[in-house]
Amino acid sequence: MTTIQRAKGMQDVLPDDRRYWDLIINQATELARLYGFQRIDLPILEYTELYERGVGNASDFFVQKEMYTLEESEDVTLTMRPEFTAGFMRAYIQNGMSSWPQPVKLYTIGPAFRRERQQAGRYRQHSQFNCEILGETDPAADVEVMMLAMNLYRALGYKGLTFQLNSTGCPTCKPAYVEKLTAYLEKHLDKLADIDKERIQRNPLRVLDSKEPGMDALLADAPHIVDHLCDDCETHFADLRGLLDGLDQSYSINFRLVRGIDYYTKTVFEVWAEGIGAQAAVCGGGRYDGLAEDIGGPATPGVGFGSGIERIVLGMQEAGIEPPAPEQPTVLVAHFGGATKEAAVLLTFQLRAAGIGTRLAFARDRRSMKSQMREANKHAIQTVLILGDSELEQQSVVVRPLDGGEQQLIKLNDVVAFLK
RNA sequence: GCGGGUGUAGCGUAGUGGUUAACGCGUCUGGUUGUGGCCCAGAAGACCGUGGGUUCAAAUCCCACCACUCGCCCCA
């Protein structure tokens, strides 16, 4: 019989890796609090339609190949969330958050699921930290989520961080731009790889982030969207840049930064860090003023970002960032079985009740003191309490420090006070 | 869906045709009666990814499959 393996694309987060998660989540939670975001938890399963709508031309690919979908009944399917933004917007609309004080600033941390081939930092189940500001068009809102993201990576010790910034326009100006871009690319078909010729048909914007050689020169002369924005988008982008400049926060305008989905409008940004395989982006975000209507709600602006925890962990490990080990008990209770075991168990729980982290040595019948001392050493125990027959007779316990100090006999009744 | 790399104990590796598959780390036990780290000794732990083929003989050569991994596609 073959032993059962972890399912493809899934990860075990072992205790030694978990310390990275704790650090990231604590830091993210603290920043969210500082910036005035409130925690929300959304269901992992949503009606498939939530994710089908709005993704436009990419819909077929996502729905058929990338989503985990379960049949709920004959004509209802549920999908494990492949992203968070749509769920945020659905919750905002459904819970009447438009009647809350505006805007509504929310964050969440949890798993998302995409059925794709594994790569470095890309798994079928991954966890995300997401921050969103709903109900606000002010570019200052864009700056808030951008800076929250940037400051998270700074606080975690990342080096070589950059903002990649672009605007993706809006329904007023984007279609005309896409036409101009397409026209330019079609003039240079002979210089394009097959894959990029296909992309012109499927999603012309995607040619901009093509990895084919020689594209730098060709795209440098292509029309750039920031030169073709409508007045509204142009003003928004200029104001955003002004605010970042005012904060002395540098950024690179990256005309090749695109979003393939129709509901994205105006601001698009990523934070890049060194390392992490083919993916430089440690987070991605932007504005999605078109999403609410796509899912059947009233027009509601939104801006936010999502960041994959696994990818952050990977980056920290590559950068040699070492989170502290989680706190473990510093006291171990050793004994010799029989009546001493009963007393040891009692003592252990008394210590714990007093708030002293305590590890109990297990010994089904007999176990050598050496073995128990070795156990203490392996778990970085500072004090071993030895409870044998002679100690029990005296209602006492030997307190043995492991840092080289002298051991002494202490009355059982006085142990808690002695250790504190 | 396409392509590259890798599969030998829990982990990291050696072994590239010939007895019971080796080493390091880790785990467990012991080194007199009840005391850790260092050291020493011992033990457990591997159908050498799976299936087929070649051969007197396969971890080793050949084929297929699978898994893992990196990249492409895609990336909400």
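Computed from heavy atoms alone, side chains included, the values below leave out hydrogens, waters and symmetry copies. Each chain gets a letter, A, B and so on, in the order the sequences are listed, and its residues count up from 1.
For residues 402-414 of chain A, no residue pair satisfies the salt bridge (Lys or Arg N to Asp or Glu O under 4.0 Å) rule, not counting sequence neighbours. Here salt bridge (Lys or Arg N to Asp or Glu O under 4.0 Å) pairs that include residues 383-397 of chain A, with residues two or more places apart or in two chains, number zero.
With sequence neighbours excluded, no residue forms a side-chain hydrogen bond (donor to acceptor under 3.5 Å, both in side chains) with R114(A). Qualifying side chain to side chain contact (heavy atoms under 4.5 Å, CB included) partners for I40(A), counting only residues two or more places apart in sequence or in other chains: L42(A), F88(A), A91(A), M97(A), L106(A), T108(A). N151(A) is linked by a side-chain hydrogen bond (donor to acceptor under 3.5 Å, both in side chains) to Y35(A), R154(A), counting only residues two or more places apart in sequence or in another chain. Y20(A) pairs by the side-chain hydrogen bond (donor to acceptor under 3.5 Å, both in side chains) definition with nothing, not counting sequence neighbours. Checked against ring-ring contact (aromatic ring centres under 6.0 Å, His included), H228(A) has the following partners two or more places apart in sequence or in another chain: Y177(A).
Across U35(B), C73(B), C70(B), the shortest atom-to-atom separation from the side chain of R117(A) is found for C70(B). Relative to the side chain of Y263(A), the nucleotides U35(B), A76(B), C73(B) differ in distance, and A76(B) lies closest. When the nucleotides G30(B), U69(B), A76(B) are ranked by their closest atom to the side chain of E66(A), A76(B) comes out on top. If you check C73(B), C70(B), A76(B) against the side chain of A120(A), the one that comes closest is C70(B).
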Inset, instruction - Determine, stepwise, if the pair E375(A) / R367(A) fulfils salt bridge (Lys or Arg N to Asp or Glu O under 4.0 Å). - result: CA-CA 11 Å; E375(A) 175 179 344; R367(A) 184 170 167 205; 2.8 Å; yes
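Considering only side-chain N and O atoms, Q119(A) lies under 4.0 angstrom from the phosphate OP1 or OP2 of G71(B). Look at K370(A) and you won't find any side-chain N or O under 4.0 angstrom from OP1 or OP2 of U35(B). Put simply, K211(A) has a side-chain N or O that comes within less than 4.0 Å of OP1 or OP2 on C72(B). Neither OP1 nor OP2 of G34(B) sits under 4.0 Å from any side-chain N or O of R400(A). The shortest distance between the side-chain N/O atoms of S371(A) and the OP1/OP2 oxygens of C28(B) is not below 4.0 Å. A sub-4.0 Å separation between OP1 or OP2 of C70(B) and a side-chain N or O of R122(A) is absent.
Rounded to the nearest 0.5 Å, atoms CG (L351(A)) and CD1 (I356(A)) are 5.0 Å apart.
Within residues 335-351 of chain A, the residues approached by RNA chain B to less than 4.0 Å at the level of any non-hydrogen atom are F336(A), in residue-number order. Using a 4.0 Å cutoff on non-hydrogen atoms, the parts of residues 402-418 of chain A near RNA chain B are L402(A), Q407(A), ordered by number. Contacts with RNA chain B (heavy atom under 4.0 Å) in residues 374-384 of chain A: R374(A), N377(A), K378(A), listed by number.
Side-chain atoms of S210(A) come within 3.5 Å of backbone N or O of E212(A) as a donor-acceptor pair. At least one donor-acceptor pair closer than 3.5 Å links the side chain of D138(A) to the backbone N or O of A140(A).
E212(A) comes within 4.0 angstrom of nothing in the nucleic acid, heavy atoms only. Using a 4.0 Å heavy-atom cutoff across all strands shown, R115(A) reaches no nucleic acid atom at all. Within 4.0 Å (heavy atoms only), Y264(A) reaches sugar-phosphate atoms of the nucleic acid but no base atom.
The side-chain heavy atoms of V399(A) and F418(A), taken from C-beta on, include a pair separated by under 4.5 Å.
Scanning atom types as modelled, no donor and acceptor separated by under 3.5 angstrom connect the side chain of R199(A) and the base of C73(B).
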Inset, instruction - Both distances under 3.5 Å, Watson-Crick or G-U wobble: on that basis, could you give the dot-bracket string for RNA chain B, with [ ] for crossing pairs and | for other-strand partners? - result: ((((((((.[[[[.)..(...]]]].(((((.......))))).....[[[[[..)....]]]]])))))))....
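Atom CD of Q394(A) has more than 12 heavy atoms from other residues, nucleotides or ligands within 6.0 Å.
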Please set out all donor-acceptor pairs under 3.5 angstrom arising from side-chain atoms of residues 376-386 of chain A, sequence neighbours excluded.
unit_1, atom_1, unit_2, atom_2, d
H379(A), NE2, R359(A), NH2, 3.1

